[in-house]
Colleague: 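The structure's right below; bear with me while I get my questions together.
Whatever order the structure lists ligands and atoms in, that order sets their numbers, starting from 1. One-based numbering along the sequence shown.
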Amino acid sequence: MTILLKNGKKSDNTNLDLLISNGIIKKLNPNSVSADKIINLNGKFILPGIIDPHVHMRDMNQSYKEDWTSGTNSALRGGITTVMDMPNTIPPTINNENLAIKREFAKKSKVNYGFNLGYIGTNSADIREVKKFNAIKVFLCESSGGVPVEDPKQLTNVFKIAEDLQVPLIFHSESGSCIQECTAQFEPIINNHHLIRNRKCAIKTTKVVIEMSYKYNCKVYFAHVATAEEMDLICEAKKLNKNIFCEITPHHLLITRKKLEQVGNWGRVNPPLRDFEDNQRILKAILEGTVDTIGTDHAPHNLDEKNRSYSNAPSGFPGFETCLPLLLNEVNLGNLSLELVEKITSYNSSNIFNIKNRGKIKEGYFADITVIDLEKEFIVNPGLFQTKAKYSPFINMKLKGDVFMTIVNGEIAYKDEKYNNTKGIEIDYR
Ligand code: DOR
Ligand code: ZN
């Protein structure tokens with residue numbers, strides 16, 4: 001099967017025709033025009049398929065929140081062709097046995113996928129037994145089932161495992177003990193979420209992890225960095241340690257805790273939404289190259305759960321279907337270049353996590369492709385989402401820029417509101 005994408009454009013605005021053959025990018029700007037299927041893109045932009053380094057696909061005992069079918073249709077709608085799943089599921093991905101269970105469920109996936117293993121302080125031997133996985137996730141606090149590890153001995157252990165196995169460590173950097181202290185000081189209401197999960201708690205563990213990173217030869221990846229102070233710390237640390245990497249999310253870039261007045265617990269997320277100055281610092285960090293990746297932190301919960309009182313509502317919200325449009329809207333506003341968006345949504349993740357033959361538009365690479373329409377305007381309507389979680393703090397936002405087509409392993413998986421019955425595969429590592 002060959003597909004020719006005609007009259008497309010690269011993110012640098014140069015013309016691109018793309019020939020795909022048997023799942024692989026066969027030729028850029030081919031001379032011949034014959035193919036089984038020819039699609040005229042009329043000047044739309046062709047990006048490498050979005051690689052999302054931070055997703056919670058649920059399924060198994062939480063399929064009422066999301067499953068691999070609904071979740072990956074949602075990913076396709078957002079132009080995402082590869083997802084890296086987080087371990088805080090039921091059962092948790094902390095050993096070979098539970099990973100095998102998750103792998104069975106992931107066979108439904110319509111995008112490509114990789115699995116992160118969770119470190120819970122006591123499963124060092126279990127992790128060392130696992131043959132193929134993406135990275136080790138360490139929660140330094142409780143968050144939607146993530147088991148907190150703050151003990152220095154246990155942290156040392158996980159650094160040693162990462163060094164031995166040469167796999168990246170992903171940190172959810174908020175101090176659980178610090179959050180516990182702050183919980184006692186503030187009334188449990190959504191407007192205090194940012195005080196309970198206080199910025200000082202995040203800054204504290206980020207300092208600890210940076211200090212430890214200098215002693216070990218392994219990649220250290222900070223998930224969803226949300227405060228200006230941490231961005232400053234990471235920016236400085238990166239000058240000394242080339243093994244430090246930094247992820248941000250669309251919500252920590254674009255909205256603040258003021259949004260909670262409008263959306264309440266729908267905007268409850270860990271780490272919390274912060275302030276405008278933090279948004280600005282994150283934008284600056286993208287522009288100066290401190291930010292390596294943007295993850296959706298797609299964290300679907302049931303709407304009834306989210307509508308409970310603050311103390312009983314879970315943290316997290318869906319992110320697949322808003323991430324790329326939000327970024328494209330920033331491109332249209334002149335705040336980000338499309339080339340930069342391309343880099344932080346695909347190539348950098350593939351590079352950090354050693355993903356084989358994905359993340360670039362390059363001959364011989366897998367044909368994971370996202371075609372975007374930079375001109376399309378729409379209003380965010382969570383009722384139309386593919387995810388089971390039909391709410392969003394971005395509700396009613398007017399955006400310019402949307403996904404037109406998502407190609408996974410050379411197959412058109414999504415195009416113009418239509419989904420095909422295609423399947424993704426587990427990614428390989430270099
Ligand atoms: O808000 C969050 N939700 N933060 C996390 O760290 C976990 C996530 C989830 O799994 O729901
Ligand atoms: Zn997460």
Colleague: Do the side chains of D67 and R58 get close enough for a salt bridge, i.e. N-O under 4.0 angstrom?
Modeller: no
Colleague: Parallel, tilted or perpendicular for W68 and F115, by the 30°/60° rule?
Modeller: perpendicular
Colleague: For the Zn ion (ligand 2), find the closest N/O/S atom belonging to D297 and write down its atom name.
Modeller: OD1
Colleague: Looking at the Zn ion (ligand 2), is one of the N, O or S atoms of H224 less than 2.8 Å from it?
Modeller: no
Colleague: I need the nearest protein heavy-atom contact for atom 5 (C) of ligand 1: residue, atom name and distance, please.
Modeller: S143 OG, 2.9 Å
Colleague: Given NE2 of H56 on one side and NE2 of H54 on the other, what angle do they make at the Zn ion (ligand 2), to 10°?
Modeller: 110°
Colleague: For ligand 1, note which part of R268 has a heavy atom under 4.0 Å away: side chain, backbone, both or neither.
Modeller: neither
Colleague: Check whether any N, O or S atom of H172, backbone or side chain, sits closer than 2.8 Å to the Zn ion (ligand 2).
Modeller: no
Colleague: Identify whether NZ of Lys or CZ of Arg in K390 sits under 6.0 Å from the centre of the six-membered ring of F385 and within 45° of that ring's axis.
Modeller: no
Colleague: I'd like to check L47 versus I372 (side-chain heavy atoms, cut-off strictly below 4.5 Å). Are they in contact?
Modeller: yes
Colleague: Would you call K108 and D59 a salt bridge, using N to O less than 4.0 angstrom?
Modeller: yes
Colleague: Answer side chain, backbone, both or neither: which part of M86 comes under 4.0 Å from ligand 1, heavy atoms only.
Modeller: neither
Colleague: Is the contact between R197 and ligand 1 made by the side chain, the backbone, both, or neither, using heavy atoms and a 4.0 Å cut-off?
Modeller: neither
Colleague: So, D275 and K258, do they make that salt bridge, N to O below 4.0 Å?
Modeller: no
